[in-house]
Amino acid sequence: MNSFWLENINKIEGSGILENDTNADVCIIGAGICGLTTAYYLCKEGYRVIVIDKENIANGVTGHTTAKITSQHGLIYSYLSKEYGINFAKKYYEANEQAIKNIEEIIQKNSIECDFEKKNSYIYTEKEEELDKIKEEIEALKNISHLENFKAENIDLPFKTLGGVEFKNQAEFNPLKYIKGLVKYILNKKGRIYENTLCIDVKKENEEFTIFTETNKIYAKCVVIATQYPFIKIPGLYFLKMYQASSYVIGVQTNEKLPEGMYINVEEPKLSFRTAIDKEKNKILLIGGAGHKTGKKITYEETYGILEKRAKELYKDAKIKYKWSTRDAITLDKIPYIGELSSIYENMYVATGFNKWGMTSSNVAANIIVEKIKGNGSIYDEIFKARRFKPIENKGEVKNMIVDSVKGIIGDRIKSEKIEIDEIKNNSGGIVDIDGEKVGIYKNEEGKIYKIDPVCTHLGCILEWNDVDKTWDCPCHGSRFDKYGKNIYGPAIKNIKEKI
Ligand code: FES
């Protein structure tokens with residue numbers, strides 16, 4: 001099933017598929033909200049811009065988000081204040097508050113009809129033992145902004161909450177209607193957006209980049225990697241500094257009154273709530289959450305099941321109209337990576353690791369990168385500096401990542417799966433041993449067998465069968481492939497090999 005956003009909009013048209021070699025001032029790889037916001041600002045400044053994407057416009061994370069425009073990124077401010085100091089936390093807050101204003105300005109200036117609405121955002125708890133975290137966050141926020149009282153007095157959720165943090169004047173919108181407005185502006189300014197155009201490599205010679213697609217070349221002075229998770233391994237080594245998380249969203253219809261704001265809880269499992277309007281003008285409640293590291297073995301009950309159960313507990317007449325999964329790049333220090341990709345390549349930029357808060361983070365990223373391309377600095381450069389290696393000082397998380405990678409590369413190769421082909425049900429999959437070799441099997445609804453080599457084309461980890469979404473997922477850095485082996489999410493870009 002498509003996401004609520006993709007179901008409720010006609011395809012957004014770009015410039016077709018790239019069919020010739022060409023050139024531009026800036027080539028942006030990734031036509032999601034980050035790449036297109038960057039293209040918007042660059043076109044406004046008169047740059048010749050090309051955006052390419054391996055899929056249709058906004059078909060990745062942007063088409064699957066819950067689209068909350070907020071500077072309330074969980075309990076980030078107590079964490080940042082403790083780890084990096086009040087000034088650092090303050091700048092992070094200001095950058096994201098500015099992003100909310102920037103998005104509103106783009107919408108107003110271009111008369112984009114995207115259901116933009118100012119809303120309050122809440123982080124709440126139902127558990128006594130989490131109340132101290134809420135208090136700490138409110139204390140940290142008092143040092144950051146004296147203008148607001150962040151304590152939530154009454155949270156209009158249909159269950160009892162014990163406390164919460166309120167951010168006023170946040171917003172929500174329909175991200176694809178917004179993207180449609182950006183695309184219209186970019187194309188009007190003679191920017192080009194090529195879809196179904198896969199970038200396979202980027203090289204720099206003299207002062208110019210060559211961006212290789214499967215069939216053509218683009219020559220550009222600057223490159224921006226806005227692919228959610230960078231597909232370039234070296235330089236940058238982002239796969240050592242980030243992992244990917246999957247989460248789930250359902251769209252619920254009910255006749256009962258729905259809450260007005262945007263909400264997320266402190267405790268696990270994380271659940272978030274907001275409403276959205278569908279094509280028939282029905283108000284739909286979006287419940288998101290039940291996240292886990294991508295590539296972990298999971299069941300329906302642990303994912304959509306949690307959300308559906310909650311919906312039915314809250315609304316007796318709840319009808320589940322939509323369900324979809326999404327993914328996010330998570331940094332080890334909870335701060336996005338924005339700026340120069342590495343010290344090796346000047347004029348190559350990256351924006352990634354938005355930690356589930358991509359709406360404001362993508363606007364922050366676009367502004368920082370555009371200022372860099374213009375030759376200026378930004379007061380937020382140091383906060384989001386992409387080249388930092390500080391995250392790997394987070395020894396607990398690094399250890400987890402290494403353990404998962406080693407398991408993915410070595411452990412599972414020697415572990416026998418002990419399942420036989422006959423044990424795999426129709427419309428399901430798994431890895432079996434055939435003559436001492438691991439083979440990925442998918443059986444379609446009629447029992448027809450498709451065989452793949454279950455090795456990730458990024459760095460060679462053994463894939464896991466995901467029976468919830470019917471995909472092959474990589475436990476190392478979160479690449480995903482459809483049931484037949486077609487690459488759907490990076491950092492891998494190649495399809496899995498078929499087994500004959
Ligand atoms: Fe890196 Fe699979 S995503 S090895």
Side-chain angles (χ1 to χ4, degrees), residues 29-30 32 54-55 60-61 64 198-202 225-247 291-298 325-332 337 341-342 350 352-356 386 389 391-392 397-415 417 429-431 438-440 442 452-499:
I29 306 167
K54 69 176 180 175
E55 290 275 345
V61 179
H64 294 83
L198 173 69
C199 174
I200 52 170
D201 204 3
V202 180
I225 314 276
T227 51
Q228 191 256 342
Y229 195 112
F231 63 95
I232 291 179
K233 297 169 211 145
I234 298 169
L237 302 174
Y238 285 85
F239 60 88
L240 290 180
K241 308 197 287 182
M242 282 194 309
Y243 64 93
Q244 296 208 68
S246 298
S247 57
H292 58 85
K293 189 165 182 268
T294 304
K296 184 181 169 225
K297 247 197 180 350
I298 30 95
S325 68
T326 187
R327 73 203 191 284
D328 293 281
I330 310 292
T331 61
L332 302 186
Y337 296 116
L341 178 101
S342 85
V350 68
T352 186
F354 293 164
N355 301 300
K356 307 191 180 199
F389 260 90
I392 61 170
E397 283 290 1
V398 169
K399 193 174 144 221
N400 289 343
M401 280 177 58
I402 291 170
V403 168
D404 285 340
S405 295
V406 170
K407 263 197 333 208
I409 293 169
I410 303 166
D412 286 1
R413 280 179 200 274
I414 49 177
K415 184 180 87 187
E417 277 285 325
I431 296 176
K438 285 196 181 300
V439 179
Y442 166 66
I452 51 114
D453 184 10
V455 177
C456 180
T457 55
H458 177 230
L459 289 173
C461 287
I462 298 289
L463 301 167
E464 278 283 353
W465 172 251
N466 173 343
D467 206 41
V468 176
D469 283 336
K470 313 294 177 196
T471 53
W472 293 101
D473 297 353
C474 181
C476 289
H477 316 108
S479 290
R480 296 181 72 183
F481 305 83
D482 76 8
K483 49 201 174 196
Y484 308 112
K486 181 179 177 276
N487 175 243
I488 40 179
Y489 299 138
I493 51 173
K494 290 188 189 144
N495 299 336
I496 314 172
K497 282 193 219 127
E498 231 182 280
K499 275 266 189 200

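Whatever order the structure lists ligands and atoms in, that order sets their numbers, starting from 1.
For the cysteine pair Cys476 and Cys461, the distance separating the two SG atoms is below 2.5 Å.
The nearest pair of heavy atoms linking Ile431 to Ile462 is CD1-CG2, 3.9 Å.
When atom types are taken as modelled, the side chain of Tyr442 and the backbone of Asp482 share no donor-acceptor pair closer than 3.5 angstrom.
Looking at His458 and atom 1 (Fe) of ligand 1 together, the shortest N, O or S contact belongs to ND1. Restricting His477 to its N/O/S atoms, the shortest distance to atom 1 (Fe) of ligand 1 is reached by ND1.
Against a heavy-atom cut-off of under 4.0 Å, Cys461 is close to the following atoms of ligand 1: 4 (S).
Remark: Asp473 engages Arg480 in a salt bridge (charged side-chain N to carboxylate O under 4.0 Å, His left out) (not counting sequence neighbours).
A perpendicular orientation is assigned to the rings of Trp465 and Trp472, their planes being inclined by more than 60° (bins at 30° and 60°).
Distance from atom 3 (S) of ligand 1 to its nearest protein heavy atom, with residue and atom name: Ser479 OG, 3.2 Å. In this structure, the protein non-hydrogen atom closest to atom 4 (S) of ligand 1 is Leu459 N, 3.2 Å.
Counting backbone and side-chain atoms alike, Cys476 contributes no N/O/S atom closer than 2.8 Å to atom 1 (Fe) of ligand 1. Residue Cys474 does not count as close to atom 1 (Fe) of ligand 1, with no N, O or S atom under 2.8 Å.
The shortest distance between side-chain heavy atoms of Asp453 and Val439 does not fall below 4.5 Å.
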